[in-house]
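These notes concern the structure reproduced below.
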Amino acid sequence: MTTSINHFINGEETAGSGTETQPVYNPATGQVTGDLQLASTEDLNAAVAAARTAADTWADVSIAKRSAVLFKFRELLAANTAELAQIVTSEHGKVLSDAAGEIGRGLEVVEFACGISQSLKGDFSDQVATGIDVHSFRQPVGVVAGITPFNFPVMVPMWMAPVAIAAGNAFILKPSERDPSASLFMARLWKEAGLPDGVFNVVHGGKDAVDGLLTHPDVDAISFVGSTPIAKYVHETATAHGKRVQALGGAKNHAVVMPDADMDVAADHLTAAAFGSAGQRCMAISVAVAVGEAGDLVVDKLVQRAKDVKVSDGTDPSADMGPVITPASKSRVQKIVGEAESDGAAILVDGRDLVVEDHEEGFFVGPTLIDQVKTEMSAYEEEIFGPVLVVVRVDSLEEAIHLVNANPYGNGTAIFTSSGYSARTFTRRIQVGMVGVNVPLPVPVAWHSFGGWKDSLFGDHHIYGPDGIRFYTRAKAVTTRWPEVSEASGASFAFPSSEKH
Ligand code: NAD
C-alpha cells in the first residue's frame, strides 16, 4: 500500500496543486511505499509567502519564547526517536541503530539552538567618545531555504532548521525526494512544540523546486547539502540572485594508517567507517592510505572484517548495514568496481553480486575491499557513495599528506598512529576541514561548526555551531548619543573619531 506524501505549508499538510508525483521506495525490498507530491510553482510561492509573513512576526518574538519552543521541540524529538528511526530506515535503508544515531546528532544541534540567548548576546562599548556608546548585535536574515540530501533525512535538516529558527528566521525545507517522510514528521513535531504556522515549511520536488527557491526574490538565504556538482550550481545560481549561500558538497575521505598504529583498532574503525550506512555518509572513509609496512598488516585484518559485515534489511537488529538507495546507485558501484578490476586493482572482497535472502528485489551491494588502487583509477577519482573501501599504498607520511592534499575534495580525513609527532604534522598540514586523530568520522559536536574545504564546500560559512549563527543572522552596529536636552548638538564636518588624537 502506498501513502501520499504531502507538503507542509503554513502549518498545514497539503497535497498542493501539482499534478506530478514520484514513487518513494523501500530500498531493502525494492517496493514502492509512497507517492510523493511534487510542488507546483503555486505551491512553492505559497510556502515562500507563508514564510515571509511568519518571518516578520517570529523575529519579534522574545528570545525566551523562541527558545521555549526549541526546548519543547527537543523533548518531542527525543520522545519520538524510535518512530522517526523506523521512518528513516523504511525509506533510506540504514539500520535502525544508525537511524537513531543520526537523530541523536540532530538533537545535539537542537540543544545547541536551545541556548540561542547566549549565542545572540551582542557586544557593548561604553563611552567610545564623550557621551557616545556603541553596541553591536545580530538580527535574522529573514526567509531561509534548506535543500538536503537523501543520506541523512533527519540530521542534515537539523543542522539547519533549529539554528535558523532559534535565530528568528522562517525556514523552508526541500528534502531529498528519495526519503521525504521524515521531514513531514518533523514538521508535525515543530507544530506540536508551539512553533507558529509558516515558520517551518516543507515543499517536495526535484530540480524545479530547487530552482524556484534559488531564484525567488523573497528567499534571503540558502543552505544546501548534497553532491559537489549541484552544490556548485546552487552556489552560483543563488548568489547571482543576491542570496547568502552555504553549499556543502561531496567528499572522498582518506584515512592514513601509519605503521605504528594499533592495527586492530585501525581495522575495526575503518570497517565501520567505510561500510556503515552502506558507505553513504559524506564522512565515510572511502580511501585507506596505508603507509609502508602498515599496508599488508591492515589489509589482512580488513579482509576478514569486511567479510564479517552482516548485510540485511535495516530493521533486522543483527544487521550491520542495509542496502544502497537506488538500483542506479547499485549499478554505479558495480560498474566502478568492474573498472578497478580491469585496471589491475586487486578485488579482495567483492560485494557486487550479493543477494540477501527474502530480499531479492532489494538494492543490496556487499562490502567491497579493493587493494593496489592507483590515483588515476575511477575507484579513486570518483565519490562512489557505496560500501567500497579502496587501499592506496604509499611509502611515507609525507607522501600520504601529498596524496590527500592533491585530492579535489576536502571534507573529512583521519590518521591512525601512536605518534604525537605524526598526528600533529598531519593535522597542521592537511588541507581538509575536519580531521580525526584515531577517530575515523570526525563530525564536530554541535557547538563546533561542520564543513569541508575545497570542492566540499562553496561559500564562506560552515554549518551549525557558531558559523550557523553567523550564517543565519546579520550584524548591526549602533552608535548612540543621548545628550542632555540643553546640550549643544556638537555636530562637526570632520570624520567621526573616538577623540584619541
Ligand atoms: P544530490 O546532490 O543528488 O541531491 C541533493 C539535493 O539537491 C536534493 O534535495 C535534490 O533534490 C537536489 N538536486 C538534485 N539534482 C539537482 C539539480 N540538477 N538541480 C537542483 N537540485 C538538485 O545529493 P544526494 O545524492 O541526495 O546526496 C549524496 C551527496 O550528498 C553525496 O555527494 C554526499 O557526499 C553529499 N553530502 C555532503 C554532506 C556534507 O556535509 N558535505 C553531507 C551529506 C551528504
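Just so you know, ligand 1 is whichever comes first in the structure, and atom 1 is the first atom listed for that ligand.
Aromatic pair Phe112/Trp447: ring centres not closer than 6.0 Å.
Remark: Asp455 does not engage Lys252 in a salt bridge, criterion side-chain N to carboxylate O under 4.0 Å. Between Arg470 and Asp460 there is no salt bridge, since no side-chain N of the basic residue sits under 4.0 Å from a carboxylate O of the acidic one. Between Arg105 and Glu102 there is no salt bridge, since no side-chain nitrogen of the basic residue lies less than 4.0 Å from a carboxylate oxygen of the acidic one. With respect to the salt-bridge test (charged N to carboxylate O, under 4.0 angstrom), the residues Arg305 and Asp320 do not qualify.
With distances taken over non-hydrogen atoms, the option nearest atom 2 (O) of ligand 1 out of Gly206, Ser227, Ala231, Ala247 is Ser227. Closest to atom 37 (C) of ligand 1 by heavy atom, among Gly250, Pro149, Ala284, Gly249, is Gly249. For atom 6 (C) of ligand 1, the nearest non-hydrogen atom from the set Asn151, Thr148, Ile230, Val156 belongs to Thr148. Of the candidates Ser329, Gly205, Cys282, Ser456, the one placing a heavy atom closest to atom 39 (C) of ligand 1 is Cys282.
For atom 24 (P) of ligand 1, the nearest non-hydrogen atom of the protein is Phe150 CD2, 3.6 Å. Remark: minimum distance from atom 28 (C) of ligand 1 to any protein heavy atom is reached at Phe385 CE2, 3.5 Å. Nearest protein heavy-atom neighbour of atom 7 (O) of ligand 1: Phe224 CE1, 3.3 Å. In terms of protein heavy-atom proximity, atom 35 (C) of ligand 1 is closest to Gly226 O, 3.1 Å. Protein heavy atom nearest atom 40 (O) of ligand 1, with residue, atom name and distance: Phe450 CE2, 3.0 Å. From the protein, the heavy atom lying nearest to atom 34 (O) of ligand 1 is Glu383 OE2, 2.6 Å. In this structure, atom 12 (C) of ligand 1 lies nearest to the protein heavy atom Val210 CG2, 4.1 Å. In terms of protein heavy-atom proximity, atom 19 (N) of ligand 1 is closest to Lys207 CG, 3.4 Å.
Heavy atoms from other residues, nucleotides or ligands lying under 6.0 Å from CD of Glu20 number 12 at most. Under a cut-off of 6.0 angstrom, the local environment of CD in Glu361 is sparse, with at most 12 non-hydrogen atoms contributed by other residues, nucleotides or ligands.
Residue contacts with ligand 1, taken as heavy atom pairs separated by less than 4.0 Å, involve Asn411 solely via side-chain atoms from C-beta onward. Of the heavy atoms in Glu177, only side-chain atoms (C-beta onward) come closer than 4.0 Å to ligand 1. Heavy atoms of Trp159 found under 4.0 angstrom from ligand 1 belong exclusively to the side chain.
Of all heavy-atom pairs between Pro162 and Val110, the closest is CG-CG2, 3.8 Å. For the pair Leu184 and Glu13, the tightest heavy-atom approach, listed with the atom from each and the gap, is CD2-OE1, 3.9 Å.
Less than 4.0 angstrom separates atom 26 (O) of ligand 1 from at least one non-hydrogen atom of the protein.
Separating the SG atom in Cys282 from the CE atom in Met155 is a distance of 6.0 Å, to the nearest 0.5 Å.
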